[in-house]
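This chain uses plain numbering: 1 for the first residue, then up along the sequence.
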Amino acid sequence: MFKRRFDKALSEGLGSQLLWLLAVVLLILLLLWGIVILIFPGWQFGWQDLIALFIDPGSFSGRGEHDLFRLVVALIGVLLFSTLLISVFNNLFDNIVDKVRSGHRRYALKNHILFLGAGDELLPVLKKFCASGETRNIAIMTSGDIGNLRSQLELKLEDNGFVKRLYLYQGDRDVRADLESACAGKASLIYIFGESGEQAHDSRSLASYEILKHICKEDGVRANCYVSLESDASMDVILKLKESVSTPNLNTDFVCSEDNTVEQLLVRQDFLPVIKRDDKAYAHIVILGTGALADRLCALTSQLCHYPDYADGRQRRTLITVAGEGMRNWHDTFVASKRACFELSRYSYIGPDGQKEHHEPDPLYGDFLDVEWQFLDAGPGHPLLEEQMRVWSGEQDAGRQQLRMVVCYDSQDDAERTLLCLPSYMMSCLKAIYVSQNPALLKTAIASGQFGPILLFGPGTDTYDPLFEARAKAGMQVNTIYESHFSATPRPPLEAWYSLRESHKSSSIYSSFAMPLRRSCFGHDCSERDLLECEHRRWMSTMLMSGYRALIPGEIARVRTEGRVKEEKDRFRHVDIVPYDDLPEEEKDKDRVLVEQLY
């Protein structure tokens with residue numbers, strides 16, 4: 001047992017090695033002093049002389065009394081106090097260097113930025129902070145290889161000085177001791193990213209968040225926290241929470257990692273079609289590819305593409321088409337995950353043989369949504385998809401639809417190959433492509449002018465904003481309007497925002513995001529009613545995508561009469577998912593206030 005403790009102290013300890021050396025030196029000195037007293041009684045050799053000879057062998061000079069013993073003392077001093085002392089300090093510094101390189105050395109940081117995980121989102125965020133001249137300390141905790149992470153950062157971040165200021169820690173984000181050692185409770189901003197390709201990514205991130213809540217409460221420091229989830233299903237769970245996820249010490253926003261990417265195409269670029277009240281065309285958004293990104297493109301497009309050409313009985317719906325091989329499984333999963341929406345929607349599935357299955361809204365609820373869906377089981381090169389693209393192109397040329405296409409595959413190589421091999425009749429269609437890495441080939445294609453108009457979006461583009469702050473601020477603006485007009489005691493914007501449940505946050509965010517397109521479509525001469533109806537249709541889409549379900553018309557009156565509106569909301573059943581004309585006047589007033597303030 002003693003041997004094990006001794007070996008452990010020498011291999012891992014820093015100050016403990018010095019303590020062991022001090023103990024050995026004292027023991028040897030006591031032994032030598034005992035020899036002087038017992039063997040050389042009466043010798044005028046004081047303890048000061050013993051220590052002087054032990055520390056400085058140079059004091060052994062000339063002919064003296066008991067020279068052999070004095071020589072032994074000098075030699076022991078050389079071995080212990082000189083050689084071993086140097087060796088201990090070498091070991092001490094080597095241990096420090098090893099711990100720094102392996103990410104096991106910690107520092108007492110405060111008011112710092114803390115990243116939990118080194119997934120794909122980390123590098124774009126660090127580039128943004130580097131370019132903005134961020135002065136706060138930045139710590140990164142990862143369960144991956146620290147040496148590899150450091151090499152990647154040095155290679156991909158152009159500012160070596162910025163890289164040297166990063167604190168890299170080895171640890172698990174769902175282990176409390178690791179979070180505490182990273183001073184998580186003293187950070188001012190925390191990003192929970194997790195690792196790329198890990199098992200149970202979202203569960204581990206949620207566990208990390210729960211631990212953080214307790215640490216921040218105990219330390220009493222208020223921090224902002226962004227939790228990035230990979231799975232749309234995980235985000236659906238968060239949206240169904242009845243209470244705010246934030247605490248007095250941790251202002252928290254949950255984000256599905258693809259949402260921020262898709263929003264930058266649909267909101268910050270001129271991609272979505274502009275359709276005015278009297279236009280003959282309808283909007284048609286085609287998504288090539290299936291996967292998590294396609295899932296979010298569908299969900300977000302359905303919340304933003306609401307136009308004035310649906311009102312007054314015209315009922316021209318936005319059409320969203322998803323095309324890809326093996327569509328049946330993806331279609332079944334997507335429809336099941338958005339059951340509340342598809343109960344009220346028109347949608348169809350077209351198999352690879354061209355056979356069509358069509359779904360009409362449940363007649364118990366009515367047919368009043370302005371988005372229609374189409375799922376096409378055919379990938380690039382399939383005759384069915386080729387024929388459909390020819391039809392779509394003809395419809396656009398005839399002015400009957402405004403066509404947009406998004407190419408989003410997990411592999412950038414596959415996405416580029418698909419985009420650059422589209423048939424010539426798709427050249428005039430505005431296309432967008434998801435870029436995860438270097439966009440050099442696509443920029444060259446755009447410059448050639450041979451592939452028609454192309455927009456780039458994703459973390460591989462120059463304009464990509466990896467921070468989540470902009471979307472939170474957009475939602476906060478809308479919520480502040482509601483708070484100031486409908487709350488008896490309006491709260492400060494931050495406090496009001498972080499008291500909301502996540503589904504209400506989502507509604508506020510997309511209410512704000514829909515306004516730029518709304519202004520382009522309606523102009524300044526529209527009737528107020530058209531605007532209010534359009535906002536209501538947007539709101540219904542967001543609620544349905546968040547998991548709220550409609551009530552049968554006969555139930556709605558009974559729920560209102562019995563005063564069970566809030567109770568039904570807590571069960572994620574909303575009495576206001578109805579045609580605009582069926583809304584109570586007080587609910588129409590809410591839309592009116594918002595439109596007046598934002599529009």
Contact between [X] and [Y] at the side-chain level, heavy atoms closer than 4.5 Å - yes or no?
X      : Y      : answer
Val322 : Leu297 : no
Arg518 : Glu535 : yes
Leu403 : Met426 : yes

Against Asp120, only a single residue in Ser196, Ser257, Ser228 fulfils side chain to side chain donor-acceptor pair (under 3.5 Å); can you say which?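 It is Ser196; the other options fail the test.
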
Is a salt bridge present between Asp232 and Arg296, judged by a nitrogen-to-oxygen distance below 4.0 Å?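 A salt bridge is present here (some side-chain N lies under 4.0 Å from a carboxylate O).
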
Decide, yes or no, whether a salt bridge links Lys443 with Asp462 under the criterion of side-chain N to carboxylate O below 4.0 Å.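 Answer for the salt bridge query: yes.
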
With Phe271 via ring-ring contact (aromatic ring centres under 6.0 Å, His included) - residues at least two apart: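 Applying ring-ring contact (aromatic ring centres under 6.0 Å, His included) to Phe271 gives none.
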
Compute whether any side-chain donor of one residue and acceptor of the other, for [X] and [Y], lie under 3.5 angstrom apart.
X      : Y      : result
Arg471 : Asn260 : no
Asp174 : Ser208 : no
His306 : Thr318 : no

Just to verify, which of Glu230, Glu198, Glu210 counts as forming a salt bridge (Lys or Arg N to Asp or Glu O under 4.0 Å) with Arg204?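 Going through the options one by one, the only one that passes is Glu198.
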
I'd like to know if the side chain of [X] and the backbone of [Y] have a donor-acceptor N/O pair within less than 3.5 Å.
X      : Y      : result
Ser506 : Ser503 : no
Thr301 : Cys298 : no
Ser487 : Ser484 : no
Gln412 : Val435 : no
His504 : Leu500 : no
Thr444 : Leu442 : no
His536 : Leu531 : no
Ser203 : Ala200 : no
Ser520 : Pro516 : yes
Tyr191 : Val125 : no

Starting at [atom1] of [X], measure out to [atom2] of [Y] and round the result to the nearest 0.5 Å.
X      : Y      : atom1 : atom2 : answer
Leu272 : Gln402 : CG    : CD    : 10.5 Å
Gln477 : Leu594 : CD    : CG    : 9.0 Å
Arg404 : Leu455 : CZ    : CG    : 9.0 Å

Can you list everything that forms a side chain to side chain donor-acceptor pair (under 3.5 Å) with [X]? Sequence neighbours excluded, please.
X      : answer
Lys276 : none
Glu154 : none
Asp410 : none
Asp295 : none

Taking all atoms of both residues into account, what is the closest heavy-atom pair of [X] and [Y], and its distance?
X      : Y      : value
Leu304 : Leu517 : O-CD2, 3.6 Å
Asn479 : Trp497 : ND2-N, 3.8 Å
Pro439 : Leu456 : CB-CD1, 4.0 Å

By salt bridge (Lys or Arg N to Asp or Glu O under 4.0 Å) - contacts of [X] (at least two apart):
X      : answer
Arg268 : Asp465
Glu218 : Arg176
Lys431 : none
Glu416 : none

Kindly determine whether Ile138 and Phe115 satisfy side-chain contact (heavy atoms from CB on, under 4.5 Å), including the steps that lead there. CA-CA 8 Å; Ile138 297 177; Phe115 292 95; 3.5 Å; yes

Aromatic contact between Trp539 and His574, with the criterion being ring centroids under 6.0 Å apart: yes or no?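 Yes, the ring of Trp539 comes within the 6.0 Å limit of the ring of His574, centre to centre.
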
When the aromatic ring centroids of Tyr434 and Tyr409 are compared, is their separation below 6.0 Å?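 Aromatic pair excluded; centres sit 6.0 Å or further apart.
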
Going through the checks in order, is the side-chain contact (heavy atoms from CB on, under 4.5 Å) test met by Leu189 and Leu114? CA-CA 6 Å; Leu189 178 59; Leu114 176 61; over 6 Å; no

Any side-chain hydrogen bond (donor to acceptor under 3.5 Å, both in side chains) pairs touching residues 131-145, not counting sequence neighbours?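 Only Glu134-Arg136, Arg136-Ser188, Thr142-Glu195 qualify under side-chain hydrogen bond (donor to acceptor under 3.5 Å, both in side chains).
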
Run the numbers on Val286 and His284 for side-chain contact (heavy atoms from CB on, under 4.5 Å), then give the verdict. CA-CA 6 Å; Val286 176; His284 185 188; 3.6 Å; yes

Which label fits Phe572 and Tyr548: parallel for a plane angle under 30°, tilted from 30 to 60°, or perpendicular past 60°?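 Taking Tyr548 first and then Phe572, their aromatic rings lie parallel (interplane angle under 30°).
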
Evaluate Arg538 against Asp591 for salt bridge (charged side-chain N to carboxylate O under 4.0 Å, His left out), listing each step before the verdict. CA-CA 11 Å; Arg538 192 282 314 160; Asp591 290 335; over 6 Å; no

Salt bridge (Lys or Arg N to Asp or Glu O under 4.0 Å) contacts touching residues 484-512 (sequence neighbours left out):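 Those involving residues 484-512 are Asp253-Lys505, Glu483-Arg491, Arg501-Asp570, Glu502-Lys505.
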
Cation-pi check, Arg106 onto Tyr169 ring (under 6.0 Å, within 45° of axis):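 Judged by the rule (NZ or CZ under 6.0 Å from the ring centre, within 45° of its axis), Arg106 counts as positioned above Tyr169.
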
Identify which one of Leu266, Val406, Ile433 satisfies the side-chain contact (heavy atoms from CB on, under 4.5 Å) criterion when paired with Phe457.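 Testing Phe457 for a side-chain contact (heavy atoms from CB on, under 4.5 Å) against Leu266, Val406, Ile433 leaves exactly one candidate, Val406.
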
Would Cys225 and Ile192 count as a side-chain contact (heavy atoms from CB on, under 4.5 Å) here? Give the steps. CA-CA 8 Å; Cys225 178; Ile192 303 180; 4.0 Å; yes

Which pairs count as ring-ring contact (aromatic ring centres under 6.0 Å, His included) when at least one residue sits in residues 117-165, sequence neighbours excluded?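 Output for this query is empty, none listed.
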
